[in-house]
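Encoded as structure tokens, the structure appears first; notes follow it.
Position 1 is the first residue of the sequence; numbering continues from there. Not measured: the values here are computed from a predicted model. All values below were derived from every heavy atom in this structure, side-chain atoms included, with hydrogens, water molecules and symmetry-related copies excluded.
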Amino acid sequence: MKGFEYLQNQLDDMKEEGTFRHLIPLESAQGARVTIKGKNVIQLSSNNYLGLTSHPRMKKAAEEAIADYGVGTGSVRTIAGTLKMHEDYEERLAEFKHTEAALVFQSGFTTNQGVLSSILTDQDVVISDELNHASIIDGIRLTKAGRRIYKHVDMASLEEALKETQNYRKRLVVTDGVFSMDGNIAPLPEIVELAEKYDALIMVDDAHASGVLGENGRGTVNHFGLDGRVHIQVGTLSKAIGVLGGYVASTQSLKDYLIHKGRPFLFSTSHPPAVTAACNASLDVLLEEPELIDKLWENTKFFKKGLQDLGFDIGISETPITPVMIGDDALTHKFSDQLFKEGVFAQGIAFPTVQKGKARVRTIVTAEHSKQDLQEALEAFERAGKQLNILK
Ligand SMILES: *Cc1c(COP(=O)(O)O)cnc(C)c1O
């Protein structure tokens with residue numbers, strides 16, 4: 001069909017530059033080991049931190065919900081698509097997060113869009129870390145609010161932005177709780193102190209911290225003992241929680257406001273029963289099986305130390321997200337391909353997702369990996385690293 005030549009030209013350019021990507025389908029369930037191109041490999045690229053994508057309790061809850069309530073809801077939340085189970089789950093989630101209320105959106109991405117686009121006007125300003133997630137950036141694009149970007153985790157730069165914006169009605173400081181490419185944790189105690197000093201609101205996106213940091217996986221706010229001092233916690237139910245969705249944990253007034261003004265909430269159909277039931281069961285898992293989080297951290301420490309002992313540069317990571325810094329884009333993709341031949345699936349991440357010269361193979365271990373899996377993975381990293389002269 002004629003019409004899309006202008007797009008195809010750009011795709012051809014990407015192929016020439018080596019930045020064109022194919023999707024890589026899994027031929028098995030997500031897990032510590034997966035089948036890709038007919039080959040059984042160790043999975044080090046998922047966000048399935050606790051292995052909950054196939055937790056038996058959650059699968060059973062989903063199956064029962066389908067049997068009792070069907071596969072869909074047939075409406076948006078605000079018309080006819082709120083099931084009692086949606087509200088029950090939100091109540092339990094708020095209690096878990098130690099907040100007054102919680103509201104679930106279709107995904108973490110739409111949560112950021114819905115919150116940022118609705119609570120700010122041209123009288124307000126949003127102050128955002130330069131490495132915040134794309135969904136925060138897009139949410140900000142949807143507001144008429146002023147914008148200030150501060151240097152990554154740089155508190156002097158944040159304070160400067162706070163000083164410069166004192167004439168606005170409301171200031172909202174927004175940060176990822178854990179940064180997804182480097183695995184570092186936002187300096188929340190300092191951010192909270194500055195925001196309180198300058199009377200600004202704070203929003204933390206805990207997509208990579210929910211289920212990972214804090215007591216029973218309550219997130220970065222709880223991890224730092226800052227319960228009650230962060231106005232808005234958002235997060236995803238699609239990473240460590242293993243299902244799908246996003247949430248806002250905050251006050252009842254913000255929840256009520258978002259029910260009226262959060263556009264993805266208003267104009268996109270609610271979660272199917274299986275999704276909500278599985279998310280609800282994940283709370284039981286987080287509360288009753290904290291050993292999963294212990295295992296995640298034990299595996300994280302083991303794998304990080306193994307990579308460092310081999311001589312790899314793992315950057316500034318403090319969490320299970322462990323980048324293996326390579327630098328060159330092409331070499332990074334080659335390294336990832338070589339790892340696959342050696343039995344490990346670990347995706348290369350290059351420009352434009354990260355800065356030029358900062359390409360890396362990004363790994364995330366999970367609670368599901370055995371010591372044997374991780375030992376084998378380290379041996380594969382050693383062989384591939386030596387073959388490509390990344391290791392001496
Ligand atoms: C993954 C991610 C999201 C998006 O969450 P989804 O539920 O996958 O849409 C939002 N924010 C951050 C920081 C993320 O890492």
Thinking salt bridges, do [X] and [Y] make one under a 4.0 Å N-O criterion?
X	Y	result
Glu298	Lys371	yes
Arg92	Asp284	yes
Glu193	Lys197	no
Lys334	Asp337	no

What's the spacing between [X] [atom1] and [Y] [atom2] if we round to 0.5 Å?
X	Y	atom1	atom2	result
Arg218	Gln233	CZ	CD	11.0 Å
Ile349	Lys358	CD1	NZ	14.5 Å
Tyr150	Ile127	OH	CD1	9.0 Å
Leu93	Thr99	CG	OG1	7.0 Å
Ile149	Ile137	CD1	CD1	7.5 Å

[atom1]/[X]: more than 12 non-hydrogen atoms of other groups inside 6.0 Å:
X	atom1	answer
Lys261	NZ	no
Lys295	NZ	yes
Lys305	NZ	no
Arg263	CZ	no

Test log, rule side-chain contact (heavy atoms from CB on, under 4.5 Å), inputs Met181 and Phe179
CA-CA 6 Å; Met181 290 301 139; Phe179 290 88; over 6 Å; no
Going hydrophobic residue to hydrophobic residue with side-chain gaps under 4.5 angstrom, can you get from Leu378 over to Leu44?
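In one cluster with Leu378: Leu44, yes.
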Single-linkage hydrophobic cluster, 4.5 Å side-chain cutoff, Leu162 and Val204 together
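Yes, one cluster joins them.
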Between [X] (side chain only) and [Y] (backbone N and O only), is there a donor and an acceptor less than 3.5 Å apart?
X	Y	value
Thr143	Ile140	yes
Arg33	Gly31	no
Asn299	Val365	no
Tyr257	Ser118	yes
Asp122	Lys144	no
Arg171	Ala161	no
His260	Asp256	yes

Kindly give the heavy-atom pair with the smallest separation between [X] and [Y], and that separation in Å.
X	Y	result
Val344	Ala377	CG2-CA, 3.8 Å
Asn132	Ser128	ND2-OG, 2.9 Å
Asn216	Ile293	C-CD1, 3.5 Å
Ala384	Gln338	CB-CG, 3.7 Å
Leu131	Asp176	O-OD2, 4.2 Å

Is a side-chain donor-acceptor pair under 3.5 Å present for [Y] with [X]?
X	Y	value
Asp124	Thr121	yes
Asn280	Asp88	no
Asn9	Glu5	no
Asn184	His152	yes
Asp373	Ser370	yes

Let me see the working for Leu50 and Leu296 under side-chain contact (heavy atoms from CB on, under 4.5 Å), right down to the final yes or no.
CA-CA 7 Å; Leu50 302 175; Leu296 169 67; 4.0 Å; yes
So, is the end of the Lys97 side chain (NZ or CZ) under 6.0 Å from the ring centre of Tyr247 and within 45° of the ring's axis?
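Pair Lys97/Tyr247 does not count as cation-pi.
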Taking only residues two or more places apart in sequence, or in another chain, which ones meet Phe20 in a side chain to side chain contact (heavy atoms under 4.5 Å, CB included)?
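Per chain and number, Phe20 pairs via side chain to side chain contact (heavy atoms under 4.5 Å, CB included) with Leu11, Met14, Lys15, His22.
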Per the side-chain hydrogen bond (donor to acceptor under 3.5 Å, both in side chains) rule, what does the pair list look like for residues 61-70, sequence neighbours excluded?
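Listed once each, the pairs are Lys60-Glu64.
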Ring centres under 6.0 angstrom apart (His369, Phe303)
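Between Phe303 and His369, which both carry aromatic rings, the centre distance is not below 6.0 Å.
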